[in-house]
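To keep things clear, I will list the structure first and then write my remarks on it.
Naming convention: chains lettered A, B, ... in sequence-line order (proteins, then strands); numbering from 1 in each chain.
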Amino acid sequence: MDFSIITENISEYIDGTWLTIQLVGMSLLIGLVLSVPFAVMRSTNRIFISGPVWLFTYCFRGTPLLVQMFLFYYGLGQLEFIKELSQSWTFLQNAYWYALFAFTLNTAAYTTEIIRGAIVATPYGEIEAARACGMSRSLVLRRVVLPSAFRRALPAYSNEVIFMLHGSALASLITLVDITGAARIINSRYYSPYEAFLTAAAFYMALTFLIVWGFRQLEKCWHAHLKPRETN
Amino acid sequence: MKKLFVAAVAAAFTLGAAPFIAADVEAKDWTKIRIGVEGAYPPFSETTPSGELKGFDIDIANALCAEIKAECTLVAQDWDGIIPALMAKKYDAIVASMSITEERKKKVAFTNKYYQTPAKFVRKEGSGIEINKDSLKGKSVGVQRATIHDNFLTEEFGDILEIKRYGTQDEAYLDMTAGRIDLLLADSVALNDGFLKTDAGKGYEFVGPDFSDPKYFGDGAGIAIRKSDEDLQAKLNDAIAAIRANGTYKAIQDKYFDFNIYGE
């Protein structure tokens with residue numbers, strides 16, 4: 001093992017980490033914003049509201065992220081009007097937006113289902129009590145259902161965030177140089193798979209550590225009422 | 001119970017490992033050779049819609065095997081992992097248009113070359129891009145990752161060009177026709193037969209000079225083998241000389257190209 005090739009090329013990894021953070025951060029943020037209204041729609045009884053959302057989550061959870069990304073990047077790229085559009089809107093030539101688009105819709109689908117599950121699990125007594133206090137439907141949703149749903153969804157959502165981080169490694173397949181992309185370049189330049197990919201693994205583990213730590217802080221604050229009571 | 005489990009695992013490992021040990025012993029007299037090829041680099045190596053491998057590399061590999069009277073199995077392997085898989089003994093030789101370069105020689109041994117062609121840029125007709133530092137500034141170029149062309153671009157044009165690296169040459173062609181890159185750099189013959197002459201390549205043309213600086217482009221394409229297999233290297237070198245001499249090479253060449261691909 002020769003880690004001097006890594007120390008010489010560490011800037012590739014740092015640039016790659018920055019791209020990974022951007023891609024994952026942006027797609028999680030937009031995905032979360034989309035998924036809250038989707039989850040509310042999905043948990044109603046009315047089929048024409050919940051149906052389309054069900055179809056969306058079914059399609060995006062039913063196919064691999066890699067296939068979705070290839071469909072958006074190479075598939076759309078073959079369409080004539082996309083080719084013409086990308087002459088005037090040059091951002092359409094950039095693989096970044098296709099990856100971001102695929103990641104966002106994918107994580108939105110999973111997060112929708114996570115939050116829906118948490119909404120459906122709201123104890124009916126809480127809603128009844130809120131109604132009895134004279135709260136309107138939207139007020140019940142805002143003050144009672146959603147806050148407790150977010151608490152319940154938190155542990156499952158932290159998994160989704162970590163999966164998304166790891167899923168983002170696929171971006172390296174459509175010319176983006178994220179952490180994995182940097183590792184592939186170093187591997188191809190020096191034919192040293194161990195050094196190149198071990199370093200990538202270390203970067204991913206550091207990011208995962210930050211995510212886990214962040215969620216623990218959130219849980220401490222949101223789940224404070226669930227902590228075992230201190231007796232002395 | 002625990003002992004039984006340990007015994008079962010041990011037995012599974014022994015049984016599982018047996019074929020590999022046997023293959024290793026067998027391979028030493030080179031009556032059976034496994035050859036790694038790429039399958040995504042037309043016209044040298046491509047996968048037909050029905051899943052079969054064909055192309056110049058494939059024909060050469062089969063001709064060499066016939067010459068040394070060995071039974072050959074072709075193994076398709078993505079370019080990125082083609083050298084690591086050779087080191088891991090997934091196969092014994094690589095016939096995949098691999099250029100003989102100093103960097104690769106640190107890891108593997110090469111036979112003599114079996115062909116040599118220069119590299120060239122391709123542009124869209126009417127794009128007006130010229131191959132000089134001013135005209136290339138800020139342009140994007142597609143290249144296959146981990147190739148001599150990738151190294152050449154990174155070293156010579158890395159500061160002015162935006163380099164997009166693809167796993168296969170086919171993916172670079174897709175992005176060229178989708179209008180996402182301005183230029184391609186690859187082997188001139190691969191570009192000509194694999195892209196420009198196809199329907200997808202209509203409206204694209206060669207631009208600029210031939211590049212063949214041995215510093216980047218090495219001494220032509222050779223067959224890569226593990227450094228320990230000197231006997232195989234000697235056999236393959238003799239076989240290359242033999243098919244050059246007996247006309248087999250020319251017959252294969254004429255099937256794909258109308259010029260001398262062997263070079264000087």
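- Proximity to chain B among residues 164-178 of chain A is limited to A/S172, A/T175, judged by heavy-atom separations below 4.5 angstrom.
- The 12-atom threshold is not exceeded at NZ of B/K54, counting heavy atoms of other residues, nucleotides or ligands nearer than 6.0 Å.
- Side-chain atoms of A/Y98 and B/R180, non-hydrogen and from C-beta on, do get closer than 4.5 Å to each other.
- Options B/R104, B/K106, B/E103 differ in how many heavy-atom pairs under 4.5 Å they form with chain A, and the most are formed by B/R104.
- Sequence neighbours left out, the pairs with a member in residues 115-134 of chain B that pass ring-ring contact (aromatic ring centres under 6.0 Å, His included) are B/F44-B/Y115, B/F56-B/Y115, B/F121-B/F211.
- Taking a 6.0 Å sphere around CZ of A/F163, one finds it holds 12 or fewer heavy atoms contributed by other residues, nucleotides or ligands.
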When you look at B/D175 and A/Y73, which way does the side chain to side chain donor-acceptor pair (under 3.5 Å) test go after all the steps? CA-CA 9 Å; B/D175 261 12; A/Y73 187 64; 2.2 Å; yes

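- A 6.0 Å sphere centred on NZ of B/K227 holds more than 12 heavy atoms belonging to other residues, nucleotides or ligands.
- B/R123 pairs by the salt bridge (charged side-chain N to carboxylate O under 4.0 Å, His left out) definition with B/E130, B/E205, not counting sequence neighbours.
- Using a 4.5 Å cut-off between heavy atoms, B/L174 touches chain A through backbone and side chain atoms alike.
- For the residue pair A/G77 and B/A178, the shortest heavy atom distance occurs at O-CB, 3.4 Å.
- Closest approach of A/N187 to B/D80, counting heavy atoms only: ND2-O, 4.4 Å.
- For B/D210, the side-chain hydrogen bond (donor to acceptor under 3.5 Å, both in side chains) criterion is met by B/K120, not counting sequence neighbours.
- Heavy atoms of other residues, nucleotides or ligands lying less than 6.0 angstrom from NZ of B/K133 number more than 12.
- Other residues, nucleotides and ligands place more than 12 heavy atoms under 6.0 Å from the CD atom of A/E8.
- With a 4.5 Å cut-off on non-hydrogen atoms, B/S140 does not touch chain A at all.
- Around the NZ atom of B/K113, the shell of radius 6.0 Å holds more than 12 heavy atoms that belong to other residues, nucleotides or ligands.
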